[in-house]
Amino acid sequence: MKTASQPTASYSRSDWQQGYESQPNEYNYWIEDIEGEIPQQLHGTLFRNGPGLLDINGQPIAHPFDGDGMVSAITFRDGKAYYQNRFVRTEGFLAEQKAGKILYRGVFGTQKPGSWLANIFDMKAKNIANTHIIYWGGKLLALWEGSVPHQLNPQNLETIGVDHLDGILASDQPFAAHPRIEPGSDDKRLINFSVEPGLSTTITIFEFASDGKLLQKKSHSIPGFAFLHDMAITPEYCIFCQNPVQFNPIPYVLGLRGAAQCLRFDPNQPTKIVLIPRQQGKEVKILETDPCFVFHHANAFTEGNRIYLDSICYDYFPNVEPDTDFREINFEDYPAGKLWRFCIDLDSEKVTPELLVRRTCEFPSLHPQNVGQSYRYLYLAATHAPTGNAPLQALLKVDLQKLQGTSIPAEFDPAAEEGCSQFWSLAPRSFAGEPVFVPHPNATEEDDGWVLMLTYNAAHHRSDILIFNAKDISPGPIARLHLKHHVPYGLHGSFVEETFV
């Protein structure tokens, strides 16, 4: 029996676990089960990517980040919506489906059957194409940061094949799953990177025009091993956080552990902020701040001689241990992501961190016209409770203009209690995915538009697409689109104005 001092959880573990069941089926249909109305002016396609298979013919995948990529597309047109999904037919996916068993090691711990003897010296990772999906230069690309993209047909999501971007990428060159699209009055740019770690780490920056043409490519070497998942941009810099982690490859080479299981966070070393200039002839700057671990950045912008970097930070990177079930984790024992702002003074080369939101949150999204620029509003998936760690079950809108410079007492969350945010919870039986902000075609203000979120509903074992009025999310979604099935918890996605039905 719970006492008054024991908080009631906002979810049940069994409900949350169901969202990690494989979805082996592929669908295409007009969505008919809708509560509310789809806005007539919401026109375009929401693409989502994530692991669709958490097992291969009953053999469990050790970690969801090792699951085969499954792309969903939700097309909005004339107040209606069309859903389709397909697996990315990678070489590894096709081979394992034909064999009916696991044939490849996974970066996060999936091993081939047969103990370490079946895995020793096998360091070929399967390109799982499961992390992000973008439409650029007339190509729909499924991204996984360990290798080259896969091109898909945007009409039906069929896999065309690996894409080396017209010979720009080498045969198996990494191409990150977190590109940034820089707005422009004349032309947008897609900026992405590749990472080749070692005793020193090589970072290659790519900049592409909207037609897919390469505008710039240059490589930089920074000291030490670097685990880099995401970057932020300003007009002057590409910005990375070099997390203080060490990599011991020996257990991986000997077939005892996955590569990510060989990472260890070092709390005695600083986190380094790496500023790579986008213009030729300028030097890379590496500045230090308190040790923390950053997966995702929200945005960055410049004011005078200062750069402001907004990121989701964790106190440390948790060890990914072998022979554990990710579905049985105790959230309270894991670090929680919080929104922090790093003030980077270019004159003194000092970094000052400031906690902006104490509530656990992830997957930041903003107006695409504000990428790399000063901005006011940020949308995040968040926990139901204002403190503690738990699955993401809510949507949070933060007004950064009100939050900036706010003191953060330990006993409460100013984003929830000082009028700096709006909040809506899906608890207790639904779980939130990444929010995506879509501008209104006739927008006059930064938050004119909609927020789209693919969620999992455990009560009906299905996924729902929620549409929020971005100006005021607190009343809840203006439309709920109920799918006929569930989509396993995904990773990232994007919205484009084109429709492909």
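Numbers here are sequence positions counted from 1.
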Using the side chain to side chain contact (heavy atoms under 4.5 Å, CB included) rule, take H492 and F363 through it: C-alpha gap first, then chi angles, then the decisive distance, then the call. CA-CA 8 Å; H492 301 294; F363 298 134; 3.7 Å; yes
So does Q155 have more than 12 non-hydrogen atoms from other groups sitting under 6.0 Å from CD? yes
Closest non-hydrogen contact found for G490 with P51 is CA-CD, 4.5 Å
For residues D55 and S22, is any side-chain donor paired with an opposing acceptor at under 3.5 Å? yes
Indicate whether any N or O donor in one side chain lies under 3.5 Å from an N or O acceptor in the other, for H132 and H178. no
Candidates F206, F240, F175 - the one meeting ring-ring contact (aromatic ring centres under 6.0 Å, His included) with F193: F240
Rounded to the nearest 0.5 Å, what's the gap from OH on Y379 to CZ on F468? Could you check? 11.5 Å
Verify the distance criterion only: is there a donor paired with an acceptor across the side chains of E196 and Q173 at less than 3.5 Å? no
What distance separates T360 OG1 from L396 CG, expressed to the nearest 0.5 Å? 11.0 Å
Can a cation-pi geometry be assigned to K484 and Y29, taking NZ or CZ under 6.0 Å from the six-membered ring centre and within 45° of the ring axis? yes
Indicate the atoms forming the closest heavy-atom contact of T383 with R359, along with that distance. O-NH1, 3.1 Å
List the steps and the verdict of side chain to side chain contact (heavy atoms under 4.5 Å, CB included) for H485 and N25. CA-CA 9 Å; H485 50 85; N25 301 310; over 6 Å; no
Determine the minimum heavy-atom distance between N130 and G67, stating which atoms define it. ND2-O, 2.9 Å
Kindly assign one of parallel, tilted or perpendicular to the pair W16 and Y20, based on the angle between their ring planes and the thresholds 30° and 60°. perpendicular
Just verifying a value: how many Å separate F227 CZ and F295 CZ, rounded to the nearest 0.5 Å? 4.5 Å
If you round to the nearest 0.5 Å, how far is CZ of F265 from CG of N243? 7.5 Å
Are H384 and S425 close enough that a side-chain donor and a side-chain acceptor fall under 3.5 Å? yes
Counting only heavy atoms from other residues, nucleotides and ligands, does the tally under 6.0 Å from NZ of K101 exceed 12? no
Measure across I312 and C361 and return the closest heavy-atom pair with its distance rounded to 0.1 Å. CG2-O, 3.5 Å
Within the side chain of D266, is there an N or O that forms a donor-acceptor pair under 3.5 Å with the backbone of P244? no
Measuring only between side-chain heavy atoms, which start at C-beta, is I286 closer than 4.5 Å to P223? yes
Closer than 3.5 angstrom, by distance alone: can the side chain of N85 be matched with the main-chain N or O of Y27 as a donor-acceptor pair? yes
For F87, does its backbone N or O pair with a side-chain atom of E26 as donor and acceptor, under 3.5 Å? yes
Can you tell me if N57 and Q59 form a side-chain donor-acceptor pair at under 3.5 Å? no
Expected output: side-chain N457 to main-chain R462 donor-acceptor under 3.5 Å: no
Walk me through whether R278 and R189 qualify under side chain to side chain contact (heavy atoms under 4.5 Å, CB included). CA-CA 13 Å; R278 294 173 58 187; R189 286 193 179 200; 4.2 Å; yes
Chi angles and distances behind the side chain to side chain contact (heavy atoms under 4.5 Å, CB included) call for Q97, L53: CA-CA 11 Å; Q97 290 301 299; L53 290 181; 3.5 Å; yes
Find the distance between CG (L275) and CG (L287) and round it off to the nearest 0.5 Å. 5.5 Å
Out of D172, D66, D68, which one pairs with K126 under the salt bridge (charged side-chain N to carboxylate O under 4.0 Å, His left out) rule? D68
Spell out, as yes or no, whether a donor-acceptor pair under 3.5 Å connects the side chain of T204 to the backbone of S194. no
Any salt bridge between E321 and R257, counting N to O under 4.0 Å? yes
Please say whether more than 12 non-hydrogen atoms of neighbouring residues, nucleotides or ligands are located less than 6.0 Å from CG in D315. no
Heavy atoms from other residues, nucleotides or ligands near CG of L199 exceed 12 (cutoff 6.0 Å): no
Which word best sums up how the rings of Y456 and F431 line up, parallel for under 30°, tilted for 30 to 60°, or perpendicular for over 60°? parallel
Identify the two heavy atoms, one from L103 and one from A99, that lie closest to each other, and give their separation to 0.1 Å. CD1-CB, 3.9 Å
Checking the side chain of T289 only, and the main-chain atoms of P270 only, is there a donor and an acceptor separated by less than 3.5 Å? no
So among L165, V162, L141, which one has a side chain to side chain contact (heavy atoms under 4.5 Å, CB included) with V148? V162
Partner of F65 under side chain to side chain contact (heavy atoms under 4.5 Å, CB included), picked from V107, L491, T110, T131, is L491
Scanning both residues in full, the closest heavy-atom pair of A95 with Y104 reads CB-OH, 4.1 Å
Say whether E21 and H461, considering side chains only, have a donor N or O and an acceptor N or O under 3.5 Å apart. yes
With a 3.5 Å distance limit and no angle check, can you tell me whether T159 reaches the backbone of V88 through a side-chain donor-acceptor pair? no
Whether E283 side chain and P277 backbone form a donor-acceptor pair below 3.5 Å: no
Answer yes when D15 and R429 have at least one side-chain N-carboxylate O distance shorter than 4.0 Å, and no when they do not. yes
Give, for atom CZ of F47 and atom CG of L152, the distance between the pair rounded to the nearest 0.5 Å. 8.5 Å
